[in-house]
**Q** 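Structure in structure tokens, see below.
Values reported hereafter were calculated over all heavy atoms of this structure, with side chains retained and with hydrogens, waters and symmetry mates removed.
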Amino acid sequence: MRERKEGLFKKELVADAIRQSFIKLNPKYQFRNPVMFTVEIGTVVMLFVCVWILSGEANQGSFIYNFTIFLILLATLLFANFAEALAEARGKAQAASLRKTREDTPAKKLNEGGPLSGVVQTVPSSQLIKGDLFICEIGDIIPTDGEIIEGIATIDESAITGESAPVVRESGGDKSSVTGGTKVLSDKIKVRVTTEPGESFLDKMIALVEGASRQKTPNEIALTILLAGFTLVFIIVCVTLQPFATYAKTPIPISAYIALFVCLIPTTIGGLLSAIGISGMDRALSANVIAKSGKAVETAGDLDVLLLDKTGTITIGNRKATHFHTATGVDEAHFIKCAILSSMSDETPEGKSIIELGGINPLTFPVNSPKFIKFTAETRSSGIDYDNTQIRKGAYDAMRNMVEKAANTFPPLTTNDVNKISSNGGTPLVVIENNIVLGVIELQDIIKTGIFERFERLRKMGVKTVMVTGDNPLTAKYIAEKAGVDDYIAEAKPEDKMAYIRKEQSTGKLVAMMGDGTNDAPALAQADVGVAMNSGTAAAKEAGNMVDLDNDPTKLIEIVEIGKQLLMTRGTLTTFSIANDVAKYFAIVPALFVASIPALQRINVMNLHSPSSAILSAVIFNAIIIPMLIPLALKGVAYKPIGASALLRRNLLVYGLGGVIIPFIGIKLIDLFVALFM
């Protein structure tokens, strides 16, 4: 897979981020972040104080000292802007790479109706609208998103997924979706456009990657409100210090008030909050997952239940016919003939494998005026009608109901074959002719290597796995036990998935659903996190709030980890930021009042050089800690599935205690350096 990750401090990204850091000083940008907005107000006030001092009308200390405070506050703002701008620059770099894929590709449009019906015209891809048809042959770049309605082809999707191995896309089933910008390597396909110009999958990817569509998540909004609350509290604290200073006959300069305020409010997390959210989506993209919103990534970190389709998710993919089990007294050749005829209109890989196993071209059978019966979730069967013959192929219970409804007896030996196939993990398809049982076709699934270990890992994260399958309960139970899932839904219809998701959500649980078919779309839309496969149908990709470009159904493990990592990073940096205030309090408050209240010298535990150096050192530390934490904000805190309680203890120990100790050490070291110049 192509490496998507950019170096954190790549030269081009840093240059763009520095430029954006100054642009973001505009108050209309800063206003969205209450913490940093108040820092900007303090910076402007310090600039006026410096001008006031130069005018000779202010008694606010030396100009150099006050101007130094101003520069440090300005640097604090620029560092916070740089963190956000760098995260955005990484997204823009990825978007530029995607734009190279999205070009105005020539399209071989197939005209429908009118005098030009059936004629192929070459037009720019930008002129294609939803519903148009186009043709793609060997070497053609697919001009826009669509569904294959005729043909089969090998597609190179490396431009989007980064995966060098080509994939097969064909009409019918859930592997019919193609994406603009990919390349046809073999054969010829006819495609119907499924998106309007500017709304293709690539267009949406670019908008999301650039951050244009990023909105603050509910948790991020809640934390912003909390930080605004802290800021308001410390505004009140700083304002009420003036009466105490007057009573103690201690003149406090404006620079000291502003320094105290800026150091006590949670500027560290305030400056890094946006970068954390943006980088969460960036890490998802690095895992080849397109998240349509930051909320989806964040919600993934709190998941309780995961629904997965069996076929293509837990098993290798398409089931294949492996054996014909003929009913007692039925000619095997006749049974195979009927099995093949019942699969003539079956475009699924399973249907094609039945014809392949039979080894006979169905067109060699004399059939007059055939009427093909398509499979539906309600009938759970398909087949063919011709002359006075009616052939059906389908699930055991559906076929049994048909046979018994016609007052015929279902053969006990066939029931035994069905049970034996099901108990061995296979899927039985019963074939009947004019309501007479002919035999059973055995389909087999192959469970993916390592899937058991992956589900065990999810279990350690506290995520319950549920397998959803249309198979009978015996087959479902066998596959579920072998794969290691916690629960299963057998003989599932689309409404069954919806019902299960709603049932779990009604108990307060967060549910994720992975799917690739049109029938998965309602469940994907209902789930808190809906992950659609890139190879799936357009309906599935539209309904989900994430798209897995690698078509790896076990990718949700990484998605969950990315979500948990995002939540942990925000939580740990918030803890660290608030814990920082303890050291700054012990640095600045004694410095303000120690001259008039000598007893405060006892809490000057850092034994700082002077009140001026103490304030300056605290402000410098407050500024430089932001760029020092940028790598952690962008990369995220390492996640290990060790349980919520253990994680909380570890983070409180490392980032809570560390957030108290590090400022004491940092401020003291800065003070030793500052003292050399004072």
**Q** List in chain and number order the residues that pass ring-ring contact (aromatic ring centres under 6.0 Å, His included) with Y396, two or more places apart in sequence or in another chain; answer none if no residue qualifies.
**A** F410

**Q** Quick test of your reading: applying salt bridge (Lys or Arg N to Asp or Glu O under 4.0 Å), list the pairs with at least one residue in residues 130-139, sequence neighbours left out, ordered by first then second residue.
**A** K108-E137, K109-D132

**Q** Kindly indicate, with the supporting measurements, whether the criterion side chain to side chain contact (heavy atoms under 4.5 Å, CB included) is fulfilled by L308 and M467.
**A** CA-CA 5 Å; L308 307 104; M467 181 184 77; 5.9 Å; no

**Q** Kindly indicate whether the side chain of T182, heavy atoms from C-beta on, has any atom under 4.5 Å from the side chain of D156.
**A** no

**Q** Write out all pairs satisfying salt bridge (Lys or Arg N to Asp or Glu O under 4.0 Å) with one or both partners inside residues 398-418, taking only residues at least two apart or from two chains.
**A** R400-E404

**Q** With rounding to the nearest 0.5 Å, note down the distance linking CD1 in I421 to CG in L429.
**A** 9.0 Å

**Q** Taking only residues at least two apart or on different chains, which pairs with a member in residues 472-503 satisfy ring-ring contact (aromatic ring centres under 6.0 Å, His included)?
**A** none

**Q** Does the side chain of I142 come within less than 4.5 Å of F134's, by heavy atoms?
**A** yes

**Q** Any side-chain heavy-atom pair from I129 and V193 closer than 4.5 angstrom?
**A**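 In short, these two side chains do not touch, never coming nearer than 4.5 Å.
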
**Q** Please walk me through it: do K371 and Y386 pass side chain to side chain contact (heavy atoms under 4.5 Å, CB included)?
**A** CA-CA 6 Å; K371 178 184 177 183; Y386 67 96; over 6 Å; no

**Q** Report the residues that fulfil salt bridge (charged side-chain N to carboxylate O under 4.0 Å, His left out) with E491, sequence neighbours left out, ordered by chain and then residue number.
**A** none

**Q** Applying ring-ring contact (aromatic ring centres under 6.0 Å, His included), can you list everything that pairs with F324, at least two apart in sequence or on another chain?
**A**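 With sequence neighbours excluded, F324 shows a ring-ring contact (aromatic ring centres under 6.0 Å, His included) to F335, given in chain and number order.
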
**Q** Kindly write out the residues that satisfy salt bridge (charged side-chain N to carboxylate O under 4.0 Å, His left out) with R459, not counting sequence neighbours, or none if the list is empty.
**A** E456, D486

**Q** Does H334 have any ring-ring contact (aromatic ring centres under 6.0 Å, His included) partners at least two apart in sequence or in another chain, and if so, which?
**A** none

**Q** Taking only residues two or more places apart in sequence or in another chain, which ones pass side chain to side chain contact (heavy atoms under 4.5 Å, CB included) with K352?
**A** E170, E347

**Q** Does the side chain of K420 come within less than 4.5 Å of N424's, by heavy atoms?
**A**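 Yes, their side chains come closer than 4.5 Å.
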
**Q** If the condition is side chain to side chain contact (heavy atoms under 4.5 Å, CB included), which residues does E150 pass it with, not counting sequence neighbours?
**A**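 If we apply the side chain to side chain contact (heavy atoms under 4.5 Å, CB included) test to E150, skipping adjacent residues, the hits are K190.
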
**Q** Please list, chain by chain and in numerical order, all residues satisfying side chain to side chain contact (heavy atoms under 4.5 Å, CB included) with S423, sequence neighbours excluded.
**A**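 S423 satisfies side chain to side chain contact (heavy atoms under 4.5 Å, CB included) with no residue once adjacent residues are dropped.
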
**Q** Tabulate below the donor-acceptor pairs under 3.5 Å that side-chain atoms of residues 353-365 make, not counting sequence neighbours, or state none.
**A**
{"residue": "S353", "atom": "OG", "partner": "A321", "partner atom": "N", "Å": "2.9"}
{"residue": "S353", "atom": "OG", "partner": "E350", "partner atom": "O", "Å": "2.7"}
{"residue": "N361", "atom": "OD1", "partner": "L363", "partner atom": "N", "Å": "3.0"}
{"residue": "T364", "atom": "OG1", "partner": "N361", "partner atom": "O", "Å": "2.6"}

**Q** Would you check if V289 and E558 make a side-chain contact, meaning some heavy-atom pair closer than 4.5 Å?
**A**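 Sidechains of E558 and V289: no contact.
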
**Q** Quick check for you: to the nearest 0.5 Å, what is the distance between D548 atom CG and I559 atom CD1?
**A**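 One finds 6.0 Å between CG of D548 and CD1 of I559.
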
**Q** Would you call V367 and I384 a side-chain contact if the rule is heavy atoms closer than 4.5 Å?
**A**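 The answer is yes, as the side chains (C-beta and beyond) meet within the 4.5 Å cut-off.
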
